Number of protein chains: 2
Amino acid sequence: MLTTERHEIILQLLKEKQTITLQDIIETTSASESTIRRDLTELEKQHKLERIHGGATLTERKLQEFSITEKSTKNLQEKIKIANYASSIVQDGDCIYLDAGTTTLQIIPYLQDKDVVVVTNGLTHLDSLIERGITTYLTGGLIKPKTSALIGQQAVQSLQNYRFDKCFLGVNGYHIDYGYTTPDPEEAHMKQIASSLAKEVYVLADSTKHNKISFAKINDLQEAQLITTEIEADDLSHLTKRTNVKVVNN
Amino acid sequence: MLTTERHEIILQLLKEKQTITLQDIIETTSASESTIRRDLTELEKQHKLERIHGGATLTERKLQEFSITEKSTKNLQEKIKIANYASSIVQDGDCIYLDAGTTTLQIIPYLQDKDVVVVTNGLTHLDSLIERGITTYLTGGLIKPKTSALIGQQAVQSLQNYRFDKCFLGVNGYHIDYGYTTPDPEEAHMKQIASSLAKEVYVLADSTKHNKISFAKINDLQEAQLITTEIEADDLSHLTKRTNVKVVNN
DNA sequence: CTATTTTTGAATGATTTTAGTTGATTTATG
DNA sequence: CATAAATCAACTAAAATCATTCAAAAATAG
């Protein structure tokens with residue numbers, strides 16, 4: 001039997017049963033234990049599944065995909081990929097800032113078991129954070145109804161009370177000359193301040209943000225590491241002259 | 001059986017029955033007592049449930065989600081009456097502070113057409129406020145998951161940025177000698193500071209709060225106007241010696 | 001066809017999970 | 001309040017699962 005055949009079978013089994021035991025797989029494929037173990041290791045590396053003691057289970061991401069099949073726009077898939085990578089940067093004990101916005105929102109499920117403290121100005125993040133028992137500080141400030149973000153002088157001031165190990169920002173556009181931009185100057189200002197308070201700054205941007213310029217400038221490219229996906233080779237080579245880019249592929 | 005399978009079963013049982021015994025779980029999973037204990041310890045660490053002597057129960061938060069309707073109805077009528085009166089105090093142009101809690105929450109519908117600015121530390125208030133297009137500032141601070149209130153040093157500090165025309169507080173008890181009290185010292189502190197920043201302070205308390213003493217003192221009676229309902233005549237006459245009481249009857 | 005690489009299965013010892021036991025703690029009952 | 005019963009955390013040894021290694025088998029390339 002071909003390796004890829006076995007992989008297909010394993011993934012098929014997973015789709016049906018959500019979690020499977022090693023024995024299950026051995027019986028259906030009649031391959032040896034070691035072989036299946038190797039398969040699982042490989043598939044895990046590809047983020048196709050998660051190994052657990054005694055077998056394997058669907059990734060949280062895949063689980064989401066199933067539960068929101070219809071809603072899963074291409075965009076969301078990208079954001080989840082990016083968020084998944086971003087979460088891998090986060091370490092136990094980190095204090096992190098999560099910008100308001102849908103991209104950073106996707107990071108939260110992956111923070112479940114990490115011992116982190118989160119500061120955010122995004123009201124939409126709260127349910128997800130509280131649900132997972134993550135210690136959360138909210139910045140104060142004026143509620144901007146359209147995006148449910150906290151902004152304004154009070155928001156900026158309350159940020160000053162914190163220092164971050166990592167800062168994750170969403171943007172509306174990034175451009176090699178014009179840097180990172182977003183429509184609302186108030187929100188841009190929040191992002192600037194948050195950046196300045198963090199040891200490491202990461203900008204999360206799906207492919208629709210590439211080469212886009214919005215109204216308010218946040219920073220130049222070189223002031224953050226850009227995490228994106230589905231970018232063309234020559235675009236990438238341009239970008240890498242200015243900043244540290246991580247391209248997430250799966 | 002896989003560990004995650006058992007966990008799933010346990011959570012499923014919980015969803016159905018709210019609280020379960022260790023024996024229940026042992027019978028349905030046919031795993032040993034020690035194993036189930038380990039599972040419970042693990043799941044508790046993930047905030048998926050709360051261990052109790054002899055079994056487990058849903059987290060207080062989850063429980064609230066389920067039973068919130070019935071639990072609040074008893075006092076809800078009272079609270080609405082009180083809130084209705086409180087809102088009549090509010091004038092166009094006022095800047096008001098709304099304490100976290102279910103009583104102050106009832107004020108919001110009546111603020112619909114008044115041109116006010118609201119500051120609050122209660123996350124549960126947000127939906128209602130935003131929905132009605134009320135300009136809202138949130139204090140910053142640590143999120144206390146149980147009550148969804150913002151507390152702590154950052155919360156207190158961010159309050160200092162404001163001055164209020166009126167301040168509306170909920171309490172857990174008021175007593176002629178011991179004043180206004182509430183269980184959490186952190187929340188009590190927030191209420192103190194908010195009071196000190198307001199021209200007028202109003203405490204909203206339904207009849208279950210009468211003569212009750214809780215752990216942390218907020219203020220003496222005379223430092224606020226008490227708004228309550230369904231109070232007996234001689235109790236009232238005692239109270240009026242110490243503070244300004246408004247009794248709402250309908 | 002042979003040499004080289006890749007894949008496979010089996011064996012090893014390490015690690016994780018488990019069930020049963022102990023004595024301590026909590027709850028129920030008279 | 002004291003006693004008994006139930007529940008609990010901590011420990012131990014056995015079982016299951018795991019990662020690693022190595023040599024044989026299969027696939028690939030020259």
Side-chain angles (χ1 to χ4, degrees), chain A residues 1-63 88 91-93 110 112-115 133 249-250, chain B residues 1-60 62-63 146 183 215:
Chain A
M1 177 177 298
L2 247 42
T3 308
T4 52
E5 255 185 280
R6 274 199 321 276
H7 287 190
E8 278 307 313
I9 290 176
I10 292 172
L11 294 177
Q12 186 57 39
L13 279 175
L14 259 181
K15 226 182 239 177
E16 288 166 12
K17 315 212 321 184
Q18 203 109 326
T19 63
I20 49 181
T21 67
L22 208 99
Q23 286 307 318
D24 283 344
I25 311 177
I26 292 175
E27 282 167 28
T28 42
T29 61
S30 49
S32 76
E33 190 182 303
S34 325
T35 301
I36 301 301
R37 286 191 191 290
R38 265 188 295 266
D39 288 342
L40 292 183
T41 312
E42 174 65 19
L43 286 169
E44 185 177 42
K45 210 164 69 187
Q46 295 173 22
H47 303 281
K48 301 277 180 63
L49 52 77
E50 239 170 55
R51 296 191 68 180
I52 56 178
H53 196 92
T57 182
L58 284 172
T59 327
E60 186 159 3
R61 196 182 84 213
K62 293 273 176 191
L63 252 166
S88 72
Q91 298 180 321
D92 266 13
Y110 300 105
Q112 177 94 56
D113 300 317
K114 308 203 178 190
D115 184 25
N249 279 321
N250 51 21
Chain B
M1 176 176 299
L2 291 172
T3 309
T4 53
E5 274 184 76
R6 273 199 322 275
H7 288 189
E8 279 305 315
I9 290 175
I10 292 172
L11 292 177
Q12 187 57 40
L13 279 175
L14 259 181
K15 224 182 236 173
E16 288 166 11
K17 316 210 323 186
Q18 297 248 19
T19 63
I20 49 181
T21 67
L22 209 98
Q23 285 308 318
D24 283 344
I25 311 177
I26 292 175
E27 282 167 27
T28 41
T29 60
S30 50
S32 76
E33 190 183 304
S34 332
T35 301
I36 301 300
R37 286 190 191 290
R38 264 189 304 267
D39 288 342
L40 293 183
T41 312
E42 172 67 19
L43 287 169
E44 185 175 41
K45 209 165 69 186
Q46 294 174 21
H47 306 278
K48 302 276 179 64
L49 52 76
E50 243 169 52
R51 295 191 68 179
I52 55 177
H53 195 89
T57 181
L58 286 172
T59 37
E60 188 155 0
K62 297 266 178 194
L63 241 166
K146 193 172 151 193
F215 177 55

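This one's a predicted model, so the numbers in the text were calculated from it and none came from an experiment. So that the names make sense, note that chain A is the first sequence line, chain B the second, and so on, each numbered from 1.
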- request: Decide side-chain contact (heavy atoms from CB on, under 4.5 Å) for B/Ile25 and B/Ile9; before the verdict, give the C-alpha distance in whole Å, the side-chain angles of both, and the deciding distance to 0.1 Å.
  value: CA-CA 8 Å; B/Ile25 311 177; B/Ile9 290 175; 5.8 Å; no
(Q) Quick test of your reading of the model: are B/Asp39 and B/Arg6 salt-bridged, counting only N-O distances below 4.0 Å? (A)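 Here B/Asp39 pairs with B/Arg6 in a salt bridge, since their nearest N and O are under 4.0 Å apart.
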> What are the residues of residues 23-31 of chain B, sorted by number, that bring a heavy atom to within less than 4.0 Å of DNA chain C?
Replying inline: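 Output list: B/Ala31.
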Requested in this report: Rounded to the nearest 0.5 Å, what's the gap from CD1 on A/Ile26 to OG1 on A/Thr35? Could you check?
Outcome: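 Interatomic distance, A/Ile26 CD1 to A/Thr35 OG1, rounded to 0.5 Å: 9.0 Å.
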### Query
In Å and rounded to the nearest 0.5 Å, what is the CZ to OG1 distance from B/Arg38 to B/Thr3?
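Spacing of CZ (B/Arg38) from OG1 (B/Thr3) equals 9.0 Å.
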Any donor-acceptor N or O pair under 3.5 Å, side chains B/Glu42, B/Gln46 =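 Checked: B/Glu42/B/Gln46 side chains pair up, N/O donor to acceptor below 3.5 Å.
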Side-chain H-bond candidate by donor/acceptor type, A/Thr41 with A/Arg51, under 3.5 Å: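 A donor-acceptor contact under 3.5 Å links the two side chains.
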B/Glu33, nearest nucleotide to its side chain (from D/dC8, C/dG20, C/dA10):
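Side chain of B/Glu33 sits closest to D/dC8.
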Within this structure, what is the [atom1]-to-[atom2] distance between [X] and [N], rounded to whole angstrom?
X: A/Glu5; N: C/dT7; atom1: CD; atom2: P; result: 15 Å
X: A/Leu40; N: D/dT20; atom1: CG; atom2: C1'; result: 16 Å
X: A/Ile36; N: D/dT17; atom1: CD1; atom2: P; result: 14 Å
X: A/Arg37; N: C/dG9; atom1: CZ; atom2: C1'; result: 13 Å
X: B/Met1; N: D/dA16; atom1: CE; atom2: P; result: 16 Å
X: A/Leu22; N: D/dC18; atom1: CG; atom2: C1'; result: 10 Å

Quiz prompt | Position toward the 5' end of DNA chain D (nearest nucleotide), B/Arg38 or A/Thr41 | solution =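 Its nucleotide being nearer the 5' end, the pick is B/Arg38.
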Is any side-chain nitrogen or oxygen of [X] closer than 4.0 Å to OP1 or OP2 of [N]?
X: B/Arg6; N: C/dT18; value: yes
X: A/Thr35; N: C/dG9; value: yes
X: A/Arg51; N: C/dT16; value: no
X: A/Ser34; N: D/dT21; value: no

*Applying salt bridge (charged side-chain N to carboxylate O under 4.0 Å, His left out), run through B/Glu33 and B/Arg37 and close with a yes or a no.*
CA-CA 6 Å; B/Glu33 190 183 304; B/Arg37 286 190 191 290; 2.9 Å; yes
- Message: Heavy atoms only, 4.0 Å cut-off, all strands: where does B/Ile52 land among base, sugar-phosphate and nothing?
- Response: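 Sugar-phosphate only.
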*Does B/Thr28 use its side chain to pair, donor to acceptor, with the backbone of B/Asp24 at less than 3.5 Å?*
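Here the side-chain-to-backbone pair exists.
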Would a distance-only check, ignoring hydrogens and angles, find a side-chain to backbone donor-acceptor pair under 3.5 Å from B/Ser30 to B/Glu27?
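The answer is no, because no donor-acceptor pair under 3.5 Å joins these two groups.
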Protein-nucleotides 26-30 of chain C N/O pairs under 3.5 Å:
none

